[in-house]
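Beneath this line is the structure, given in structure tokens, with notes to follow.
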Number of protein chains: 2
Amino acid sequence: MGQNRIRNMEEFAAVSGISRPTVSKYFHDPDSVRASTRERIEAALERYDYRPNFYAVNQNRRLTKNVGIVVPYLADPFFAEIARCIETLCYAAGFRPILLSSHGGQAQENDNLDSLRSIRPAGVLFAPLGRGSDRAVIESFAAAVPTVLFDSNIEDVGEAFFGLDNVQSVGMIVEYLCRTGEPPAFFEMRTPTNPNAFKRRRAYVEAMERLGHAPDLVQVEGGGWDFEEIGYREGMRVISERRLSTNTVLCSNDRLAIGFLAAAFDKGLRIGRGEGHALRVAGHDDHPFSRFTCPKLTTVAQDYASIAERSVEELVRLVESGESRPRRETTLFEGKLIMRDSA
Amino acid sequence: MGQNRIRNMEEFAAVSGISRPTVSKYFHDPDSVRASTRERIEAALERYDYRPNFYAVNQNRRLTKNVGIVVPYLADPFFAEIARCIETLCYAAGFRPILLSSHGGQAQENDNLDSLRSIRPAGVLFAPLGRGSDRAVIESFAAAVPTVLFDSNIEDVGEAFFGLDNVQSVGMIVEYLCRTGEPPAFFEMRTPTNPNAFKRRRAYVEAMERLGHAPDLVQVEGGGWDFEEIGYREGMRVISERRLSTNTVLCSNDRLAIGFLAAAFDKGLRIGRGEGHALRVAGHDDHPFSRFTCPKLTTVAQDYASIAERSVEELVRLVESGESRPRRETTLFEGKLIMRDSA
DNA sequence: TCAGGAATTTGTCGCGCGTAAAGTTTTTAG
DNA sequence: CTAAAAACTTTACGCGCGACAAATTCCTGA
């Protein structure tokens, strides 16, 4: 049999009885060749498992079919989940996703962009570290590569942004908490590392003032991305030192809340609403694990699927039209209140 | 100034006053050129930020500097964490890691290997789906690309395997549970999707028999990778239907345990050891979140760091020596009992 | 100071494919 | 049935770099 391996497109074109340029055209877009030609190529493809050399292809293409996906911290299930959605969508759209995590550090984020640039991707879906990002680097990157930001916005960078409307979402849960009990204190890191923290802090303050309450920021120490650990350790401290002037705590994100819940449990505080409960605790993000805390965490759900979908859609449009938007578009999705048992 | 962009190595060699082949040699290994030459190149490098074209480099190199990392499900924090370790180590060893998740499916796993093959990586670190893998595909892949398996072993495939000694780890926690209270039932999925489940089931049965107890397998329904959900839903059912003939439950992995804990909480069962507790629950893996369950989960810790380190070490050795091992090596790491509050 | 080896330069080829132009065949429309 | 359009083939070039051989320059040590 013709079990002699095919070495390159030349040889494959020979055994399929089609010229090399046409075969090349086929691999670029199977629908661009006549049906009869397509069939002959695909017949050959079954007999000899040939695939164009990845490097040779991309060296010469004006534009590759690669898209980069950069998230700030992949070991955070929130980002893992949204990355999974985006990856799948890119794949379905005919692109090859390349997933990179910044591991929570600016150096790695810059490295990631650098790596991506040398790969000449068709476009990039980018969730920056936010406060921890190097704006100059990102700006210069976005100027060279079609970039769509998600999750964390950096003003005027990239072609578009898709993310949560923190003002709406935080406002909503603050309102809910005020309506159903004591106004919440806001539990957060003093110098937060996660992207949306400042927006949420501001949204909390505004919402409280609008409702006629004095904001109560409980700002704890700690850095890095071990939010549960910080929530637990500082939660223990806050409870011990009786720093809470209210029985309701809104955490800046679910991971802090998970840690705080663990601390409350250790301190023997019953969490929940209604009779016999000492404390209400709410979070933010609808983290994949917040359905399994004890008690289940009341929180605000981000619409993962929509954010992923619209981001990819926009990038694909951008890449395929070849032109950038006339005006940068910012799309904010509303959060959804997820009432569970903790508040 | 010479702000005119450098287009290729030729031009860069010109502005740095060094010949192109020597520049090429420098990029391949900076220490392979004379110090004075290195300095001149690096001086030029600061003035003109040139980088060799990724695709052109890899097209011609016998061996690329890319290594693939494939995990079964990246949205599982366990794999996210170990992937993070491995990524960092590869990076430090001078390789470019390419992280791929199989998203829990065989088709995606095969696709991933296919993608990797077309990238001609120097080597691959691969945690297969296990039972869900397509052995033929993986075998043929490992025959073509230096492959080190981790987490989940497939007999006789790849150059080496690094993972947990399930017999030891499960034996240890079974022994601990028996010594300190009633012998445990084993809570697991009837047809598990996660890789090490069968080994753990067998290890449990063996340990129980060795200790003179009748094994008690609580096998619940459910598929996919939503282990917490399954643990919760089936935990509710098991508790409601009083299917437990003991007050001690060992879960096949921490994620199931997290779900089970949530169910027990909902049912008003106090989890923990000693007076006033209705049930002891233990897990397995020391999942990143098991420190923050209520109560904190007693479990067996896998030595993430060592598994990652040794796997990468072995792959680097393999790649740099250019030869495959005379004999496939299987290295099992001992689990460590992590005593917390749940059992 | 000089030999000899190491480092470098020069020149040249090849990798596998994209791409373009010009000529040929096939298909489609009138 | 014919002419135009579409698809294909042939031919040829270029991408940016790795790899190699031969010639040259540099550095080391006695």
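Only a predicted model underlies this, so the values are computations on that prediction, with no experimental measurement involved. Chain letters run A, B, ... following the sequence lines, proteins first, then strands; residues in each count from 1.
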Task: Length of the line joining B:F27:CZ and D:dC17:P, which is rounded to integer Å - done: 9 Å
Open item on the list: For A:F78 and A:Y73, I'd like to know if the aromatic rings sit close, meaning centre-to-centre distance below 6.0 Å.
Closed with: no
- [ ] Measure the distance from CD1 on A:I18 to P on D:dT9 and round it to the nearest whole Å.
- [x] 5 Å
Open item on the list: With a 4.0 Å cutoff (strictly under), does any side-chain N or O of A:T37 reach OP1 or OP2 of D:dA7?
Closed with: no
Task: Closest listed nucleotide, where the reference is the side chain of B:M9 and the choices are C:dT8, D:dG18, C:dT19 - done: D:dG18
- [ ] Give a yes/no answer on whether the side chain of B:Y50 brings an N or O atom under 4.0 Å of OP1 or OP2 in D:dC17.
- [x] yes
Task: N/O (side chain, B:S24) to phosphate O (OP1/OP2, D:dC17) under 4.0 Å - done: no
- [ ] When you get a sec, tell me which of D:dG16, D:dG18, C:dG18 is the closest nucleotide to the side chain of A:V57?
- [x] C:dG18
Open item on the list: On DNA chain C, compare the nucleotides closest to A:N8 and B:S32; which residue's is nearer the 5' end?
Closed with: B:S32
Task: Spacing of A:Y55 atom OH relative to C:dC17 atom C1', expressed in whole Å - done: 15 Å
Task: Contact check, side chains of A:I69 and A:L100, non-hydrogen atoms, under 4.5 Å - done: no
- [ ] Send over the distance from B:Q59 CD to D:dG16 P, rounded to a whole Å.
- [x] 12 Å
Task: Pair B:Y91, A:D111: side-chain N/O donor-acceptor within cut-off below 3.5 Å - done: yes
Task: Integer-rounded Å distance: D:dG18 P and B:F12 CZ - done: 13 Å
Open item on the list: Can you tell me whether the side chain of B:R20 and the base of D:dG16 have a donor-acceptor pair closer than 3.5 Å?
Closed with: no
TODO: Let me know the distance between NZ of A:K25 and P of C:dG18, rounded to the nearest Å.
DONE: 13 Å
Open item on the list: Looking only at side-chain N and O atoms, does B:E309 offer a donor or acceptor that is under 3.5 Å from a partner on B:S311?
Closed with: no
- [ ] Ignoring backbone atoms, test whether A:S19 places a side-chain nitrogen or oxygen under 4.0 Å from the OP1 or OP2 oxygen of D:dT10.
- [x] no
Task: Closest nucleotide among D:dC20, C:dA7, C:dG18 to the B:P21 side chain - done: D:dC20
Task: Spacing between B:E11 atom CD and D:dG16 atom P, to the nearest angstrom - done: 9 Å
Open item on the list: From C-beta outward on B:R34, which listed nucleotide comes closest to its side chain: D:dC26, C:dG16, D:dC17?
Closed with: D:dC26
Task: Rounded distance in Å - CD1 (A:I41) to C1' (D:dA7) - done: 12 Å
TODO: Looking only at side-chain atoms of A:N53, point me to the closest of C:dG16, D:dC8, D:dC17.
DONE: C:dG16
Task: Donor on one side chain, acceptor on other, B:E87 and A:S101, under 3.5 Å - done: no
Open item on the list: Please confirm whether the shortest side-chain N or O distance from A:T22 to OP1 or OP2 of D:dA7 is below 4.0 Å.
Closed with: no
TODO: With the side chain of B:A56 defined as its heavy atoms from C-beta on, choose the nearest nucleotide among C:dT9, C:dC17, D:dC17.
DONE: D:dC17
Task: Side chains of B:E42 and B:E46 in contact at under 4.5 Å (non-hydrogen atoms) - done: no
